[in-house]
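Here's the structure we're looking at; comments come further down.
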Number of protein chains: 2
Amino acid sequence: MGPVTDLLPDARADTRARVEQVALDLFTRRGFEQVTADEIAEAAGISRRTFFRHFATKADAVWGDFASHVARLDRLLGAADDGQPVLASICAAYVQVNDYAAEDLPVLRQRMTMILREPALQAHSQVRYADVDRVVARHVADRTGERPDALLPRLVATSSRAAATTAFEVWLADGTTSLADDLHAAFAQLAAGFPTLRAH
Amino acid sequence: MGPVTDLLPDARADTRARVEQVALDLFTRRGFEQVTADEIAEAAGISRRTFFRHFATKADAVWGDFASHVARLDRLLGAADDGQPVLASICAAYVQVNDYAAEDLPVLRQRMTMILREPALQAHSQVRYADVDRVVARHVADRTGERPDALLPRLVATSSRAAATTAFEVWLADGTTSLADDLHAAFAQLAAGFPTLRAH
DNA sequence: GTTGCCCGTGGCACTGGGTGTCACTAACGT
DNA sequence: ACGTTAGTGACACCCAGTGCCACGGGCAAC
């Protein structure tokens, strides 16, 4: 094989993206655990060793460039309007980070279905979410003057992530709603302390 | 080795508990990933194969009898007072399930420190928590008349679990507070929609 | 008591994820 | 032309987890 020096400037990123799509398709068709790293590598035309140089774990092939999403979330929170409630800022940031173009929605569905349904990926997701939580907790800490590891910042971070993942699940299961609407609905419940629950 | 037919009626459960403690100690001393299944088996005086008959995965050796805790949570929720708010029932159930005797607190600390700090165990925990969430979501659904996979039941389940784990983290980090107090504090914030956050 | 069954156990081989190392080669600057 | 750098493939290795088989002790039925 060897580097073909495509006409493109960054062959590395290109290879990575290709392998990612190949892996995602295999996973979707046959299930995450049923596909071996060897098979992905062969289908993508690279060696097993090279696969693991592009992705630290098999699970990482599903997550795309998640780090840049976290970084974007961080920037959005940093630029948030201090006048609005903290939860509103967080909700808006989550909505913006997950504002995909219509043509990208199918791939997003594919990815998220996998992540939320496959046990091995559910497990892996916890580690990724920890990064998100750190960013959100820091923002809450900045806004309230507390330390990032105090109860409130931590709690707001984990429960707003809970809101986000729940919104994703409903979005996937329903199929007719818009992700942004589901996110807003979940955050509205959270910010109001689940008002409909008090009657019971 | 072979079955020694101890003086105890249930040698199996006894072995399991012994292996669990041996594993927990090794993990605490050297880190979860640095301890191999072979080493645990040898230290516990059993074969590697037998270790994996008692525990499906290495991580399971840390979790004790978690299924019975979930079952207990389920019973507590089933017997909850319909007069009080749903979140109050959930909070009370969480508090009761985590009401350990003073002498058991050190082991609990050991376990939870591991689970919350070791990446491999954080990942594994997601799968365990899913069982908890199902139980809580079903209770919320019963109380509100919604389906268990609707937004509200799911969201309440995941965010009350977020409250519980956050309380655990604060409890571990602080060292002076009581777990029950931390749980109550977290649930109070959640149920009130983070009132202190609105000012900012 | 001998026979047959059940079950916990150990040994062994095998799959599959992930890593360390080395050698090859193409692109690039000087 | 030269050395450097970076992506790659091949190979050996570690370790978690599994399937399979064979052993051995308790325990009933006869």
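Below, each value reflects all heavy atoms present in this structure, side chains not excepted, and no hydrogens, waters or symmetry copies. Reminder, nothing fancy here: chain letters follow the sequence lines and each chain counts from 1.
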Legend entry - dG8(C) OP1/OP2 closer than 4.0 Å to side-chain N/O of H54(B):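 Negative; the distance criterion is not met.
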Inset, instruction - Verify the contact: side-chain N or O of T36(B) to OP1 or OP2 of dC15(D), cut-off strictly under 4.0 Å; return yes or no. - result: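 Checking dC15(D) against T36(B), no side-chain N or O comes under 4.0 Å of OP1 or OP2.
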Sequence neighbours excluded and cut-off under 3.5 Å, please list the side-chain donor-acceptor pairs for residues 107-116 of chain A, or say none.
residue, atom, partner, partner atom, Å
R109(A), NH2, W171(A), O, 3.0
Q110(A), NE2, D25(A), OD1, 3.2
Q110(A), NE2, T28(A), OG1, 3.0
R111(A), NH1, E20(A), OE2, 3.3
R111(A), NH1, V62(A), O, 3.2
T113(A), OG1, R109(A), O, 2.5

Inset, instruction - Would you indicate which nucleotide in dA16(D), dG10(C), dG18(C) comes nearest to any side-chain atom of A37(B)? - result: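 My answer, after comparing the listed nucleotides, is dA16(D).
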Inset, instruction - Kindly say whether, by distance alone, the side chain of R49(A) makes a donor-acceptor pair under 3.5 Å with the base of dG20(C)? - result: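 Indeed there is one.
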Inset, instruction - Using only heavy-atom distances, decide whether a donor-acceptor pair under 3.5 angstrom links the side-chain of R48(B) to the base of dG17(D). - result: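 It does, because a donor-acceptor pair links the side chain of R48(B) to the base of dG17(D) below 3.5 Å.
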Find the distance [X]:[atom1] to [N]:[atom2] and express it as a whole number of Å.
{"X": "F52(B)", "N": "dT9(C)", "atom1": "CZ", "atom2": "C1'", "value": "16 Å"}
{"X": "Q34(B)", "N": "dA16(D)", "atom1": "CD", "atom2": "P", "value": "11 Å"}
{"X": "F51(A)", "N": "dA10(D)", "atom1": "CZ", "atom2": "P", "value": "17 Å"}
{"X": "F27(B)", "N": "dA16(D)", "atom1": "CZ", "atom2": "C1'", "value": "12 Å"}
{"X": "R53(B)", "N": "dC6(C)", "atom1": "CZ", "atom2": "P", "value": "17 Å"}
{"X": "L121(B)", "N": "dA16(D)", "atom1": "CG", "atom2": "P", "value": "13 Å"}
{"X": "E42(A)", "N": "dG16(C)", "atom1": "CD", "atom2": "C1'", "value": "16 Å"}
{"X": "I46(B)", "N": "dC7(C)", "atom1": "CD1", "atom2": "P", "value": "20 Å"}

Legend entry - Heavy-atom neighbours of Q21(B) CD exceed 12 at 6.0 Å: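 More than 12 heavy atoms, drawn from other residues, nucleotides or ligands, come within 6.0 Å of this atom.
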Legend entry - Atom pair CG/CD of L121(A) and E33(A) - distance to nearest 0.5 Å: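 The distance works out to 8.0 Å.
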Inset, instruction - Taking all heavy atoms of A157(A) and all of A137(A), pick out the closest pair and write down the distance. - result: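 In this case the closest contact between A157(A) and A137(A) is CB-N, 3.7 Å.
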